[in-house]
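Presented below is the structure to which this report refers.
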Amino acid sequence: MKKGFFNLLLLCIISYTQLTLQAQEKHTQPTWKAQEKQLEEGVVASRLMPIDPDPTLEPFFHGVASGDPTANAVMIWTRPTPTDPTQSVAIQWQVALDTLFQDIVAFGCDSTDASRDFTFKTDVTGLQPYTHYYYRFFALGKYSLIGRTKTAPDGPVDNLRFAVVSCSNFEHGYFNVYHQIAEHNDVDAVIHLGDYIYEYGNGEFGNERPAEPANEILTLDDYRLRHATYKLDPDLRLLHQNFPFMTTWDDHETANDSWYGGASNHDSGEGDWFDRKSAGIHAYNEWMPLRRPDPTDEERIYRYASYGDLADIFILDTRLEGREEQTSTTLDSEVDNPDRTLLGQEQYDWLTTGLTNSTAKWKVLAQQVMMAPLEAFGASLNPDQWDGYRIERSNLLTHITGIGNVVVLTGDIHTSWANDVPNGGYNGDTGAGSRAVEFVTSSVTSLSFPISIGESLVQLLNPHIKYVDLAQKGFIILDLVEGRAQANWYYVPTVTSIDYSDSFGKAFYTNDGANRLTESPTPSEALNPQPPLAPSLPPAPNVNVRLKAFLEGVYDTLANSMTTTLQTNNLLPLSQPFNRPPWSYPGPESLAAPADIPTDVVDWVLVEVRAAADSSQIIEQRAAFLKSNGEVVDTDGTTGVDFYNLIPNKTYWISLRARNHLATMSSTALVVPNLHDFSTSMSQALGPNQMIEVANGIFAQFAGDYNGDGVITYADFNYYLSQLSQSGIYSDPDGNMDSNVNTDDFDIYKPNVKVIGIDVMRY
């Protein structure tokens with residue numbers, strides 16, 4: 001938001017010329033120095049304490065986010081905060097159709113480090129159109145919050161609904177707007193039009209709560225820390241967690257009133273502008289869940305999003321890509337220079353070509369500064385908006401005249417406007433001559449006027465402006481259907497305290513082909529029900545289950561352990577054998593390299609915990625190592641297997657899957673966790689049940705009765721050992737020794753395991 005703009009507007013609203021923006025900034029709050037004194041006296045301590053990380057989210061203090069959905073892909077983002085910033089952090093991710101992650105559709109593993117400020121994002125592909133998905137990350141031994149996202153539609157779609165926001169200055173107050181959008185829970189995505197962060201030092205432009213760092217941000221570390229502060233906010237975190245964002249920057253992501261080659265809030269004493277701009281852009285790309293449209297060009301953000309046959313969204317950059325420096329006033333003759341550009345020639349050509357080729361019903365321009373003229377007594381008020389680039393605006397409006405159904409979304413000026421967008425010859429009574437419509441959203445927090453003033457005068461002087469509110473903070477809900485595009489303005493009562501409520505303000509719409517606005521007495525209604533918001537906490541703290549598992553291994557009675565011959569004979573896979581059908585287990589364990597497999601490991605096992613009420617319902621799976629002493633351990637070698645979706649002291653069925661296809665399951669439901677040391681003897685382990693509790697919370701599992709005599713003894717392991725020695729290509733559990741694991745092996749195996757009480761056998 002431009003401080004000078006409000007001064008100009010006030011000067012033109014005659015009865016309010018004595019009000020200035022600087023006075024407004026001091027309207028309801030003391031100076032920063034005065035607040036520091038009050039802080040020392042304990043008066044405003046709750047207001048001025050920097051925001052603290054939520055310890056329940058460790059290490060994912062900054063939450064999760066998604067963005068730039070397409071019909072078959074979406075970006076997902078997070079940041080695990082490391083304990084050792086000199087080391088990289090391994091991170092795994094999963095995407096599922098449910099919050100229990102029983103129906104996982106995509107997964108992967110990677111790492112992040114200080115070179116990316118430990119942020120991590122990935123482009124998840126192969127998804128279905130217009131579908132809700134859930135995602136989570138795993139790093140440093142813990143899961144993140146579960147995020148919820150939604151892909152874009154492909155082809156015919158009846159209706160779309162977006163939230164539109166802009167200008168969220170942390171120092172100006174609380175993000176009640178973000179919370180209320182999430183509370184409505186009725187949009188497909190959030191469109192953020194810029195000024196996601198602000199660059200000012202504490203007290204320079206808002207005093208409600210301080211951001212970090214306290215100074216004006218200039219360097220890459222500064223910009224990173226400011227982004228980190230914002231994403232610690234619980235309301236912004238909630239919104240990111242539940243909705244995909246489509247974002248673009250405005251000026252404050254770098255510096256106030258920025259343009260390609262500089263900014264009003266940057267001087268030579270603050271270093272080279274291009275270094276500062278690069279730092280702001282680099283941090284933005286790290287901390288935002290956007291898909292860079294050109295991987296070779298970090299500074300390009302303008303891009304395109306298709307929402308089926310109903311909407312094409314053109315996300316623009318009116319700040320850093322091609323904008324020439326603003327003139328001091330709109331009376332400067334340079335304003336009408338035909339070569340003067342706001343978008344830059346490359347972006348302008350991309351936009352006009354895209355508009356020409358678009359076959360969608362609605363063409364939406366998501367951009368920053370107001371496109372419709374704003375004049376007082378024949379003079380334009382603000383050279384920072386399209387009024388300062390009149391020829392390019394006229395050329396663009398001439399281009400779209402034959403296209404129609406263009407909806408412009410705008411932020412930047414912290415106030416609400418509904419505009420027809422004329423290009424000469426406009427009739428204020430009928431709307432004839434309007435080439436597009438424009439919906440301007442108010443700010444999330446950034447200052448506007450403390451009271452509504454001068455709106456009727458603004459409209460009198462600008463008949464194409466159908467609605468203006470200069471006081472309230474809020475957001476727009478944009479509804480698109482086949483025959484109508486409608487914007488609904490909602491407002492929050494305050495931003496100087498936490499207040500989770502909002503109210504409907506106004507609504508305006510344009511009909512298909514009309515290109516002009518009409519007021520609606522009521523807001524449009526959401527037509528697509530959304531699922532509940534994602535869980536507010538990460539999966540419960542880990543439950544550690546310890547298992548004794550003499551599972552189809554070769555037991556050496558002299559050494560009192562299983563042999564590691566399977567590993568040395570390369571029968572132990574170097575990658576998980578469970579990620580192939582029919583199990584298709586997606587992780588989140590990293591794939592093993594030879595050096596990562598301890599020498600005392602015999603095999604992989606897949607441990608499944610199933611619901612007590614329904615043994616076919618898998619609650620959680622984990623791949624683990626089977627050691628030669630029968631102990632099942634996590635792949636990092638720590639004792640037991642950690643689960644993250646279990647409830648302590650609850651009863652579950654437990655299943656173990658061996659390599660290839662065989663699986664065995666406990667004959668009784670078992671209570672987890674085990675909080676005791678792993679210890680048992682061979683005599684304790686052997687018994688008639690397929691899995692028994694050998695100590696308090698410690699379980700041993702066997703498979704199987706190889707010689708078919710109804711008793712598991714050393715003879716079964718010796719029989720197995722003799723089989724193994726007969727064929728160098730024997731693959732456990734190739735029961736008939738034909739070097740092929742199939743249902744014939746199950747037919748051999750089933751009679752034996754029935755004798756020892758195995759209830760369920762799966763493949």
**Asked** Given the side-chain rings of Phe60 and Phe138, with only the six-membered ring counted for Trp, is the space between their centroids under 6.0 Å?
**Response** no

Centre-to-centre under 6.0 Å for His240 and Trp77, is that the case here?
no

From the list Tyr230, Trp249, Tyr223, ring pair (Phe, Tyr, Trp, His ring centres under 6.0 Å) with Tyr284 holds only for Trp249

To the nearest 0.5 Å, how far apart are [atom1] in [X] and [atom2] in [Y]?
X	Y	atom1	atom2	answer
Leu193	Leu365	CG	CG	11.0 Å
Trp489	Lys506	CH2	NZ	10.5 Å
Thr318	Asp412	OG1	CG	7.5 Å
Asp235	Ser168	CG	OG	12.0 Å
Leu218	Thr254	CG	OG1	11.5 Å
Thr56	Lys142	OG1	NZ	9.5 Å

Is [X] reaching over with its side chain to a backbone N or O of [Y], donor-acceptor style, under 3.5 angstrom?
X	Y	value
Asn176	Asp499	yes
Glu253	Asp195	yes
Arg209	Gly173	yes
Thr229	Ala211	no
Ser278	Phe274	no
Ser442	His414	yes

Exactly one candidate in Ser443, Ser416, Ser448 meets side chain to side chain donor-acceptor pair (under 3.5 Å) with Lys473; the answer is Ser448

Any salt bridge linking [X] with [Y]? Criterion: basic side-chain nitrogen under 4.0 Å from a carboxylate oxygen.
X	Y	answer
Asp387	Arg393	yes
Asp68	Lys121	no
Asp317	Arg303	no

Indicate the ring-plane relationship of [X] and [Y], choosing parallel, tilted or perpendicular according to the 30° and 60° boundaries.
X	Y	result
Phe137	Phe120	perpendicular
Tyr490	Phe475	parallel
His192	Phe245	parallel
Phe205	His252	parallel

(Q) Run the salt bridge (charged side-chain N to carboxylate O under 4.0 Å, His left out) test on Lys277 and Asp272 for me, step by step, so that the C-alpha distance in whole Å, both residues' side-chain angles and the decisive distance to 0.1 Å come before the verdict. (A) CA-CA 9 Å; Lys277 182 173 78 165; Asp272 181 80; over 6 Å; no

Without hydrogens or angle criteria, can the side chains of [X] and [Y] be said to hold a donor-acceptor pair below 3.5 Å?
X	Y	answer
Asn528	Tyr130	yes
Gln368	Thr248	yes
Ser264	Asn256	yes
Asn185	Gln530	no
Ser115	Asp113	yes

### Task
Would you sort out whether Arg323 and Asp251 count as a salt bridge (charged side-chain N to carboxylate O under 4.0 Å, His left out), showing the intermediate values?
CA-CA 11 Å; Arg323 175 191 279 257; Asp251 51 344; over 6 Å; no

So, do [X] and [Y] sit near enough that their side-chain heavy atoms are less than 4.5 Å apart?
X	Y	result
Glu438	Trp386	no
Val406	Val421	no
Arg276	Glu199	yes
Val74	Pro289	no
Leu374	Asn382	no
Glu204	Asn265	no
Ile197	His227	yes
Gln345	Glu392	no

Heavy-atom closest contact ([X] atom, [Y] atom, distance):
X	Y	answer
Phe439	Ala485	CZ-O, 4.3 Å
Ile413	Gln385	CG2-OE1, 4.4 Å
Gly194	Ser166	O-OG, 3.4 Å
Ser524	Asn488	OG-ND2, 2.8 Å

Geometric cation-pi criterion, Arg148 with Tyr133: 6.0 Å, 45°: no

For residues 176-189, the salt bridge (Lys or Arg N to Asp or Glu O under 4.0 Å) pairs (sequence neighbours left out) are Lys150-Asp188, Arg161-Asp186

Audit row: Arg79, Glu286, salt bridge (charged side-chain N to carboxylate O under 4.0 Å, His left out) steps and yes/no: CA-CA 10 Å; Arg79 183 187 191 267; Glu286 289 175 334; over 6 Å; no

